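To keep things clear, I will list the structure first and then write my remarks on it.
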Amino acid sequence: MATQHARSAARLMLAPAVILLLGWMLVPLTMTLVFSFKQYLPLRGGDLGWVGFENYVRFVTSSAFWPSIWATLIIVGGVLVITIAFGIALALLLDQPMWGQGIVRILVIAPFFVMPTVSALVWKNMFMDPVNGLFAHLWQFFGAEPIQWLSQASLPSIVLIVSWQWLPFATLILLTAIQSLDSEQIEAAEMDGAPWRSRFIHIILPHLSRAITIVLLIQTIFLLGIFAEIFVTTQGSFGTRTLTYLIYQRVLESQNVGLGSAGGIYAVILANIIAIFLMRIVGKNLDA
Amino acid sequence: MGRITLDKVTKSFGEVNVIPPLDLTINDGEFVVFVGPSGCGKSTLLRLIAGLEDVTSGQIRIDGEDATRMPPAQRRLAMVFQSYALYPHMSVRKNIAFPMKMAGLPEDEQKRRIDSAAKALNLTDYLDRRPGQLSGGQRQRVAIGRAIVREPSAFLFDEPLSNLDAALRVGMRLEIMELHKRLATTMIYVTHDQVEAMTMADKIVVLRAGNIEQVGSPLELYREPRNEFVAGFIGSPKMNIFGGNPAQQHGAAKIGVRPEHIAASTETGTWEGVVGVAEHLGSDTFLHVHETGLAETVTVRVDGELPVKHGDRIFLTPEADKIHRFNEQGLRA
Ligand SMILES: Nc1ncnc2c1ncn2[C@@H]1O[C@H](COP(=O)(O)OP(=O)(O)OP(=O)(O)O)[C@@H](O)[C@H]1O
Ligand SMILES: [Mg+2]
């Protein structure tokens, strides 16, 4: 790719893909932006003309806005904490030599292959059903009143389901990071008199910091948009209405495309703020 | 104090027996070098002493106390690894302070020891850098600094200089010897390098397949190798070993003569051959002589000035009292 000729040829050949991708991204974004400045009610008169920033004002002043931001942050934060904490623990365990290591590792990754809709349905019907669910039976076995998981503990339930899906991802990334730790460093720390806890805090955790930031970044981006898990379980009730779900309701349930689009733009801004913030941390961590 | 005794120590990895029963005593303040071919168990032996591997059977005593089941931290030994094993995310200062922090030493004592170690090892200007920003030799010194500050009863080195270039090796070798003289602490040192073994050791332990072939001072091993293996292993270039007729003339199954104990001449001598490659080192020249009827190649050290070239005829005469005789089992006769 050194010569001028080769470079321009490469550019020419890459162009269709780049244009396609750009269009794919730009067209919906532009349309969202356009709709967000319009009063657009598909079943109640259609396009009713420009309204300026009215949709934006209405979206944030509605009583559902701040709760939805909180729900989003709690779900994202909860899942991140759980997947990283358990991911580190699992990665440490899987790094130990043990019998049947290969099979155990595949089993640990398995949840990642299950589609979100399917896994949420399985959790809802097989585990969390207050009458027939496994948890209900477990509670009854110990003589306790079964919990109405999805209504009494709706947010924790969703955090649990989503964590279960993302734990394999975190574990996998953290496991490869642990495996790249030079065993002589651990041995040196052992000779230096560091007990297990200090070795973990002073050697293993700093070594994992890059992998942890990467897990943090990638998961946050995906978790901001979770939808299926809420759609098939609580339908946004019992305080589980996230920003994504609120936008969906504005567009499809209230049939207010303009208002929903304004919400969509807020979501884009929120995601970008978080992404820039995370990139800063990652950048610092990846440089060191 | 740092007297280490190994008593019938063995080590197996699963089915593979790496160290057969082995006895060894290392006295307080001694500089002991383990040498041997690759894979003979030098590192394993060192790691057994350090406590990083469990012995399969036998006993390790440190200063008379049974340390066989002691965790590494309690053995009061410090190890310097071949890869240095510095903590990459800590500054040099924190690296050196780490063992003291773990031992719970007071801050001012930590600082005092760091400063004195840094001064002794020329690290004062680098204390706030990370290991990644140091050269190989500097990293090696940090690793040594981290070992010194613990004031251990013995230092263990596993090929500490093998990642350094030749010039730096010579410098670090001297620094380690200097350190040993100053601290008078027991040091156990694993190496491949002939020169390191000969120059540094008070006592050399020659290992082969986990067995101790001979233990002794460098000159003892040089002058009176107990068997053919040690004879071939100690000394550089290698001793020439011949069997057959010339050996029988000296009443042995095999004889060995070091290159420096053979005189070369262009006119007369006991043996005759053709010069192959001549390696000129300046002070000496090593001749590889072929077609002698003794062995495929005979190595001879001659004066830098001897005017010979490839293909010349040459005559060789061994110094009669420097001939080593070995019996059929390869043992010194
Ligand atoms: N963890 C292990 N599992 C199985 N075999 C091992 C293990 N560690 C070492 N060995 C074997 O033990 C023998 C001695 O290894 P060791 O590392 O002590 O050799 P060494 O003398 O240090 O060699 P080198 O000079 O190449 O470093 C080798 O044959 C090696 O294959
Ligand atoms: Mg080794």
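What you see is a predicted model, and the numbers here were worked out from it, not measured in a lab. Numbered from 1 within each chain, the chains take letters A, B, ... in sequence-line order.
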**OP:** May I ask you to establish whether B:R146 and B:Y87 are in a cation-pi arrangement, using a distance under 6.0 Å from NZ or CZ to the six-membered ring centre and at most 45° from the ring axis?
**Re:** yes
Original post:
Which residue out of B:A73, B:P99, B:A103 racks up the most heavy-atom pairs below 4.5 Å with chain A?
Top reply: B:P99
Subject >> is_close_aromatic(A:H202, B:F98), centroid dist under 6.0 Å >> reply: yes
**OP:** Output the residues of residues 173-196 of chain A for which the shortest heavy-atom distance to chain B is under 4.5 Å, in residue-number order; output 'none' if no such residue exists.
**Re:** A:D182, A:E184, A:Q185, A:E187, A:A188, A:A189, A:E190, A:M191, A:D192, A:G193, A:A194, A:P195
Original post:
Aromatic rings A:W166 and A:F112: how do their planes relate, parallel, tilted or perpendicular, breaks at 30° and 60°?
Top reply: perpendicular
Subject >> Carboxylate-amine/guanidinium proximity below 4.0 Å for B:K111 and B:D115 >> reply: yes
Original post:
Which heavy atom in A:M98 sits nearest to a heavy atom in A:L94, and how many Å separate them?
Top reply: CE-CD2, 3.6 Å
Original post:
On the ring face of B:F13, is B:K11 found with NZ or CZ under 6.0 Å from the centre and within 45° of the axis?
Top reply: yes
Original post:
Could you go step by step and tell me if B:R61 and B:Q59 meet the side chain to side chain donor-acceptor pair (under 3.5 Å) rule?
Top reply: CA-CA 6 Å; B:R61 284 192 300 277; B:Q59 200 185 42; 2.5 Å; yes
Original post:
Hey, which of A:L90, A:I88, A:D95 is the one that makes side chain to side chain contact (heavy atoms under 4.5 Å, CB included) with A:L92?
Top reply: A:I88
Original post:
With no hydrogens and no angle check, is any side-chain donor or acceptor of A:T3 less than 3.5 Å from a backbone partner on A:A6?
Top reply: yes
Subject >> Contact class of B:L77 relative to chain A, heavy atoms under 4.5 angstrom >> reply: both
Subject >> Other residues, nucleotides, ligands: >12 heavy atoms within 6.0 Å of A:F86 CZ >> reply: no
**OP:** Using non-hydrogen atoms and a 4.5 Å limit, figure out which bit of B:M90 sits close to chain A: side chain, backbone, both or neither.
**Re:** side chain
Subject >> Sorted by number, residues from residues 29-55 of chain B in contact with chain A (heavy atoms, under 4.5 Å) >> reply: B:R47, B:A50, B:L52
**OP:** Measure B:K94 against the heavy atoms of chain A and call it side chain, backbone, both or neither at under 4.5 Å.
**Re:** neither
**OP:** Give a yes or no on whether a salt bridge exists between B:R113 and B:E109, defined as a side-chain N under 4.0 angstrom from a carboxylate O.
**Re:** yes
